[in-house]
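Take a look at the structure below.
Both ligands and their constituent atoms are indexed starting at 1 by order of listing. Throughout, numbering of the chain's residues begins at 1 and tracks the sequence.
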Amino acid sequence: MSVLIFIDHSEGQVKKASLEALSYGAKIAEQLGTTAEGILLGTVTGDLSSLGKYGIKKIHQAAQDGLNNLDTQVYARIIAEVAGSTGAAVVIFSNNFSGKAIAPRVAARLKAGLVAGAVALPDTSNGFVVKKNVFSGKAFAHVAISSPIKVISLNPNSYPVSEGAGVAGIASLSVGAEAPKVKVVSATQASGDVVLTEAEIVVSGGRGLKGPENWGMVEELAKVLGAATACSRPVADSGWRPHHEHVGQTGIAIAPNLYIAIGISGAIQHLAGVNRSKVIVVVNKDPEAPFFKAADYGIVGDAFEVVPKMIEAVKKLKGIV
Ligand SMILES: Cc1cc2nc3c(=O)[nH]c(=O)nc-3n(C[C@H](O)[C@H](O)[C@H](O)COP(=O)(O)OP(=O)(O)OC[C@H]3O[C@@H](n4cnc5c(N)ncnc54)[C@H](O)[C@@H]3O)c2cc1C
């Protein structure tokens with residue numbers, strides 16, 4: 001019996017969401033009195049064994065270059081096989097783009113109960129009960145998994161990365177060649193330095209910014225803060241910003257440590273995608289804007305006056321000239 005954690009990677013780097021999943025899985029293994037192991041398909045740069053510091057004892061790696069591009073069906077088959085052969089009792093994913101696609105397939109193959117979007121460690125005092133978000137983060141549900149094997153996907157930014165001093169052993173996996181059912185023909189990296197779903201800080205703009213020509217200050221604030229940029233839906237629909245920046249009920253759901261909303265009214269559909277943010281700062285010229293009710297800090301003022309001052313203040317704080 002062990003806990004198996006999927007290690008997701010992109011462009012040779014292990015994703016931060018996977019470091020959270022590793023820390024989370026290692027803690028569950030400790031709770032269950034067993035060991036945690038990782039599974040990585042493809043290759044990453046750097047010393048893989050150093051991931052042992054997140055609490056895993058072993059990493060099963062299939063190092064074929066062909067596995068560097070996500071193929072959810074192939075990945076699910078291999079992960080389910082390894083889970084079966086290692087006797088994994090719990091299989092863990094991040095509930096990110098890859099995990100959302102792979103976890104249900106693995107659960108189906110293993111005939112396992114799945115909780116998608118976990119936000120805390122399971123309660124194992126009486127059964128196996130996992131807390132998760134429901135209704136776009138408006139409520140929590142506690143879900144008991146009764147199947148022998150359990151699959152959990154952990155919401156990004158819900159569990160802290162914790163480092164120790166361990167080193168993981170590497171076990172080479174030999175996986176049978178398989179003609180892919182789908183093939184990535186080309187991939188274009190989305191613009192922006194920081195990936196929105198992984199960002200700890202997000203600076204977001206709404207229709208209050210009047211037009212795409214005014215996004216320079218949003219981008220500059222994001223840059224000095226090391227943040228990703230996002231926007232409300234009408235902004236993306238109007239073509240002011242790319243659709244992959246649209247957050248909300250019909251866009252991406254994010255949970256950064258800090259969400260700065262500029263010229264966004266705070267409609268319920270927008271809040272549904274950002275209300276898991278740890279701290280929300282709202283800049284809006286209308287003191288009655290609904291977003292202020294969800295804000296930790298609010299600035300009532302004209303964005304065109306407030307944001308340049310915020311940029312100046314952050315630069316001063318960080319010693320940027
Ligand atoms: C089924 C459905 C799904 C939807 N899904 C989403 C979703 O996923 N994401 C989403 O965002 N929306 C979604 N919407 C749309 C949502 O209801 C709102 O219409 C939208 O969020 C409003 O965007 P906004 O706040 O940018 O614009 P507005 O509502 O026009 O608000 C602009 C805000 O800017 C402020 N403002 C104006 N000028 C300034 C200034 N100079 N300085 C500071 N503040 C200023 C105004 O006071 C106002 O509060 C959805 C709607 C439906 C019906």
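- Screening L121, I152, D123, V119 for a side-chain contact (heavy atoms from CB on, under 4.5 Å) with V130, the sole residue that qualifies is I152.
- Which of V247, V307, N214 comes nearest to atom 9 (N) of ligand 1 through a heavy atom is settled by distance: it is V247.
- Listed by number with element, the atoms of ligand 1 under 4.0 angstrom from any heavy atom of G301 are 42 (N), 43 (C).
- The shortest N or O to N or O distance between G206 and ligand 1 is not under 3.5 Å.
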For N284 and S265, run side-chain hydrogen bond (donor to acceptor under 3.5 Å, both in side chains): C-alpha distance rounded to whole Å, both residues' side-chain angles, the deciding distance at 0.1 Å, then the answer. CA-CA 8 Å; N284 198 304; S265 57; over 6 Å; no
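- Between the side chain of K15 and the main chain of S10, no donor-acceptor pair closer than 3.5 Å is present.
- Scanning the protein heavy atoms around atom 36 (N) of ligand 1, the nearest turns out to be G208 CA, 3.6 Å.
- With a heavy-atom cut-off of 4.0 Å, S265 touches ligand 1 through backbone and side chain alike.
- Atoms of ligand 1 lying under 4.0 Å from any heavy atom of Q249, numbered from 1 in the order shown and given with element: 7 (C), 8 (O).
- Taking 4.0 Å as the cut-off, I264 counts as a neighbour of ligand 1 on heavy-atom distance.
- The 12-atom threshold is exceeded at NZ of K278, counting heavy atoms of other residues, nucleotides or ligands nearer than 6.0 Å.
- Nearest non-hydrogen protein atom to atom 41 (N) of ligand 1 is D302 OD1, 3.1 Å.
- Using a distance-only test at 3.5 Å, with no hydrogens or angles considered, a donor-acceptor pair links the side chain of Q61 to the main chain of G42.
- For the pair I102/L70, a side-chain contact is recorded, criterion being any heavy-atom separation below 4.5 Å from C-beta on.
- R77 has a carboxylate O that lies under 4.0 Å from a charged side-chain N of E81, or vice versa, which qualifies the two as a salt bridge.
- For the residue pair S23 and Y159, no side-chain donor N or O sits within less than 3.5 Å of a side-chain acceptor on the partner.
- Shown here, atom 43 (C) of ligand 1 is in close reach of the protein: a heavy atom of it lies under 4.0 Å off.
- Surrounding NZ of K318 are more than 12 heavy atoms belonging to other residues, nucleotides or ligands, all under 6.0 Å away.
- Of all protein heavy atoms, the one lying nearest to atom 47 (O) of ligand 1 is N284 OD1, 2.8 Å.
- Among all protein heavy atoms, the one lying closest to atom 5 (N) of ligand 1 is T250 OG1, 2.7 Å.
- Counting protein heavy atoms only, atom 45 (C) of ligand 1 is closest to K285 CG, 3.8 Å.
- Here the closest non-hydrogen pair linking M217 and N214 is CG-O, 3.6 Å.
- Applying the 4.0 Å criterion to heavy atoms of D286 picks out, from ligand 1, the atoms 47 (O).
- Among R207, K210, Q269, the residue whose heavy atom lies closest to atom 53 (C) of ligand 1 is Q269.
- Regarding atom 3 (C) of ligand 1, its nearest protein heavy-atom neighbour is R233 NH1, 3.2 Å.
- Between the side chains of K16 and N157, at least one donor-acceptor pair of N or O atoms lies under 3.5 Å.
- Considering each of G273, P287, S232, A303, the one bringing a non-hydrogen atom nearest atom 24 (P) of ligand 1 is S232.
- Of the heavy atoms in F304, only side-chain atoms (C-beta onward) come closer than 4.0 Å to ligand 1.
- Counting the atoms of ligand 1 from 1 in the order shown, those under 4.0 Å from a heavy atom of A267 are 16 (C), 17 (O), 18 (C), 21 (O).
- Nearest heavy-atom pair across A89 and M1 is CB-CG, 3.3 Å.
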- Decide yes or no on side-chain hydrogen bond (donor to acceptor under 3.5 Å, both in side chains) for T229 and E245, but give the supporting numbers first. CA-CA 7 Å; T229 48; E245 286 196 359; 2.8 Å; yes
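- Closest to atom 22 (C) of ligand 1 among all protein heavy atoms lies P234 CG, 3.7 Å.
- Of all atoms in ligand 1, listed by their number and element, those nearer than 4.0 Å to a heavy atom of G251 are 8 (O).
- The single protein non-hydrogen atom nearest to atom 34 (O) of ligand 1 is G263 O, 3.0 Å, given as residue, atom name and distance.
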